[in-house]
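A quick write-up on the structure given underneath.
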Amino acid sequence: MRLVLPLGLLLILTTTGALSQGGGPATVRVDAAARMPMATTILVPGTVVSRNDAAVAAEADGRLIEVADIGAHAGAGDIIARIENVQLRLRKAEQEAVVKREEARLQYLTREQARLAALAERNVAAKNQLDQIESERDVARGDLEVARSRLDQINDQVYRLEMRAHFEGVVVERLTQPGERVTIGTPVVRMVDPDHLEVISRAPLEYYRFLHIGDTVGMTAAGEPVEGVVRTLVAVGDENTHLFEVRIDLVGQPMPVGQTVRVTLPASEEKEVLSVPRDALVLRPDGISVFVIDEEEKARRVAVSTGLASGDRIEVKGPINPGDRVVVRGNERLRDGQQVAIQGAPPATASADN
């Protein structure tokens, strides 16, 4: 039985087949092949932490009468909690009275010493009386210094009844509630500085030699690429994990503390390679290839093999030169020798020295 098609449908199929075989210009987007330093990398997990994260503890005994609310922002030196201690304040008042008494006693003995010294010059007062009053004056001076020192100690304790932030940050947790009694060392609030962040990550010790302080490393947080600078390396592992610690500064990149990130670390020495964007690779049953645009604006399929990868670029080996234009969009159905129309302005040609 023969299948008879309507004339209109036959024309459509014929036209479509002609376009697919002959093909008009395919709209593509291109990028440039370029030489760049590249190294093998590994992905390791990391966590965003604050450089300043502390549980602020009480420095005096007493009952909490005020604690900053969760989320409250405090500058360095701002009061974040108050402690009530009536006995301490009464001791302060008592010691202030002792200081005044010792000051009055020293003033009296000083005047008395001056009077007896004047009399002794006229042989009216005995020398032993003068010596005794001078001794009492010196003792009174020492007693006053002791009283003032004790008052300073009490004042320091009273000052510590007001708990102050040691750095600028945010109160993220109340560890003790108003009305509770605290002693020296009792944690009251947890404060975190959200502006000075770093990432803590751990990697196998075998890769320690490929990383250096000051290196810029790439990371991914919530699907977004970010960068950081290696601040310090702690090359101390244990017999179970064999990992070293990496701390990476996040300058000017706000993130929530506790955010999980993926850190890309070098796993080999850098070497100069020819690279193209990953999107330039075309994976087909007969192998991996890249479409290069020639001077006639035609796509030339070039078979390649891949090597190192870094970020969105990957090393390629094959008949490709630095500066060649490679197709990064529209290459899925592109054919060898097909005419193309480049979308947007082509990128600047990369030299072999770059």
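Along the sequence shown, residues carry numbers from 1. Heavy-atom basis, side chains included; hydrogens, waters and symmetry copies ignored. Nothing here was measured: the structure is a model prediction, and the numbers come from that model.
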>> Counting C-beta onward and ignoring hydrogens, is there a side-chain heavy-atom pair between I288 and S305 closer than 4.5 Å?
In response: no
> Are V282 and V290 close enough, and set up right, to give a side-chain contact (heavy atoms from CB on, under 4.5 Å), and what steps lead you there?
Replying inline: CA-CA 6 Å; V282 178; V290 172; over 6 Å; no
>> Run the side-chain hydrogen bond (donor to acceptor under 3.5 Å, both in side chains) test against E297 and tell me which residues pass, sequence neighbours left out.
In response: R325
> Are any of the side-chain heavy atoms of T264 and V217 separated by less than 4.5 Å?
Replying inline: no
> What pair of heavy atoms forms the shortest contact from L161 to L88, and how long is it?
Replying inline: CD1-CD2, 4.0 Å
> Would you say R150 has more than 12 foreign heavy atoms packed within less than 6.0 Å of its CZ?
Replying inline: no
> Can you hop from I314 to F291 via hydrophobic side chains spaced under 4.5 Å?
Replying inline: no
> So do Q113 and L130 actually touch side chain to side chain, heavy atoms under 4.5 Å?
Replying inline: yes
> Of T27, I293, V30, which meets side-chain contact (heavy atoms from CB on, under 4.5 Å) against V340?
Replying inline: I293
>> Could you check whether any side-chain heavy atom of V263 comes within less than 4.5 Å of a side-chain heavy atom of V44, counting everything from C-beta outward?
In response: yes
>> Within this structure, what is the CD-CE distance for the pair E173 and M191, rounded to the nearest 0.5 Å?
In response: 13.0 Å
>> Which residues pass the salt bridge (charged side-chain N to carboxylate O under 4.0 Å, His left out) test with R209, not counting sequence neighbours?
In response: none
>> Between S268 (side chain only) and T40 (backbone N and O only), is there a donor and an acceptor less than 3.5 Å apart?
In response: yes
> So, the side chain of D78 versus the backbone of A165: is there a donor-acceptor pair under 3.5 Å, distance only?
Replying inline: no
>> Using side-chain heavy atoms (C-beta onward) and a distance below 4.5 Å, is V326 in contact with V302?
In response: no
> Is the side chain of R164 donor-acceptor paired with the backbone N or O of E162 at a distance under 3.5 Å, no angle test?
Replying inline: yes
> Under 4.5 Å between side-chain heavy atoms, hopping through other hydrophobics if needed: is there a path connecting V48 to I200?
Replying inline: no
> Can you check whether R301's main-chain N or O pairs, donor with acceptor, with D336's side chain at less than 3.5 Å?
Replying inline: yes
> Of all heavy-atom pairs between I83 and R160, which one has the smallest distance, and what is that distance?
Replying inline: CD1-O, 4.5 Å
> Just wondering, more than 12 heavy atoms not from Q87 lying within 6.0 Å of its CD?
Replying inline: no
>> Counting only heavy atoms from other residues, nucleotides and ligands, does the tally under 6.0 Å from CZ of R284 exceed 12?
In response: yes
> What salt bridge (Lys or Arg N to Asp or Glu O under 4.0 Å) pairs are there with at least one residue in residues 140-149, not counting sequence neighbours?
Replying inline: E103-R148, R105-D143, D138-R141
>> Please tell me whether V189 and I70 are part of a single hydrophobic cluster in this structure, the criterion being side-chain heavy atoms less than 4.5 Å apart.
In response: no
> Can you check side-chain contact (heavy atoms from CB on, under 4.5 Å) on V230 and H212, steps first, answer last?
Replying inline: CA-CA 7 Å; V230 176; H212 307 89; over 6 Å; no
> Under the 3.5 angstrom rule, does the side chain of R174 hit a backbone N or O of V67 as a donor-acceptor pair?
Replying inline: yes
> For E180, which residues count as a side-chain contact (heavy atoms from CB on, under 4.5 Å) partner, sequence neighbours excluded?
Replying inline: T176, Q177
> So does E94 have more than 12 non-hydrogen atoms from other groups sitting under 6.0 Å from CD?
Replying inline: no
> How many angstroms lie between atom CD of E84 and atom CZ of R63, to the nearest 0.5 angstrom?
Replying inline: 4.5 Å
> Are F210 and V246 connected, step by step, through hydrophobic side chains (Ile, Leu, Val, Met, Phe, Trp, Tyr) whose heavy atoms are closer than 4.5 Å?
Replying inline: yes
> Looking at CZ of R247 and CG of L233, how far apart are the two atoms once the value is rounded to the nearest 0.5 Å?
Replying inline: 11.5 Å
>> Could you check whether any side-chain N or O of S275 sits under 3.5 Å from a backbone N or O of A34, counting only pairs where one atom can act as donor and the other as acceptor?
In response: yes
>> salt bridge (charged side-chain N to carboxylate O under 4.0 Å, His left out), that's the test. Do R300 and D294 meet it? Break it down for me.
In response: CA-CA 7 Å; R300 179 169 54 88; D294 61 18; 5.4 Å; no
> Which heavy atom of G46 sits nearest a heavy atom of V199, and at what distance?
Replying inline: CA-CG1, 4.1 Å
> Which pair of non-hydrogen atoms, one from A221 and one from V261, has the smallest distance, and what is that distance?
Replying inline: CB-CG1, 3.6 Å
>> Looking at every non-hydrogen atom in both residues, tell me the closest pair between V28 and G330 and how far apart they are.
In response: CG1-O, 3.9 Å
>> Is there a side-chain contact (heavy atoms from CB on, under 4.5 Å) between E198 and V49? Walk through the geometry before answering.
In response: CA-CA 6 Å; E198 64 181 1; V49 300; 3.6 Å; yes
> Among all residues two or more places apart in sequence or in another chain, which pass the side-chain contact (heavy atoms from CB on, under 4.5 Å) test with E224?
Replying inline: none
> Passes side-chain contact (heavy atoms from CB on, under 4.5 Å), L106 versus R137? Steps please.
Replying inline: CA-CA 6 Å; L106 178 60; R137 179 203 58 189; 3.9 Å; yes
> Of all heavy-atom pairs between L116 and Q129, which one has the smallest distance, and what is that distance?
Replying inline: CD1-O, 3.8 Å
> For the side chain of D324 and the backbone of I320, is there at least one donor-acceptor N/O pair under 3.5 Å apart?
Replying inline: no
> Looking at side-chain heavy atoms only, is the closest gap between P45 and R262 below 4.5 Å?
Replying inline: yes
> Are any non-hydrogen side-chain atoms of R329 and Q343 less than 4.5 angstrom apart?
Replying inline: no
>> Within the structure provided, determine whether L265 and Y207 are in side-chain contact (heavy-atom separation under 4.5 Å).
In response: no
> What residues form a ring pair (Phe, Tyr, Trp, His ring centres under 6.0 Å) with Y208, not counting sequence neighbours?
Replying inline: F244
> Roughly how far apart are L205 CG and L243 CG, rounded to 0.5 Å?
Replying inline: 6.5 Å
> Donor-acceptor pair, D61 side chain versus I184 backbone, under 3.5 Å?
Replying inline: yes
>> Rounded to the nearest 0.5 Å, what separates atom CD1 in I133 from atom OG1 in T110?
In response: 9.5 Å
> Is I80 linked to Y159 within one hydrophobic cluster, defined over Ile, Leu, Val, Met, Phe, Trp and Tyr using a side-chain heavy-atom separation of less than 4.5 Å?
Replying inline: no
> Between atom NZ of K271 and atom CD of E315, what is the distance when rounded to the nearest 0.5 Å?
Replying inline: 5.0 Å
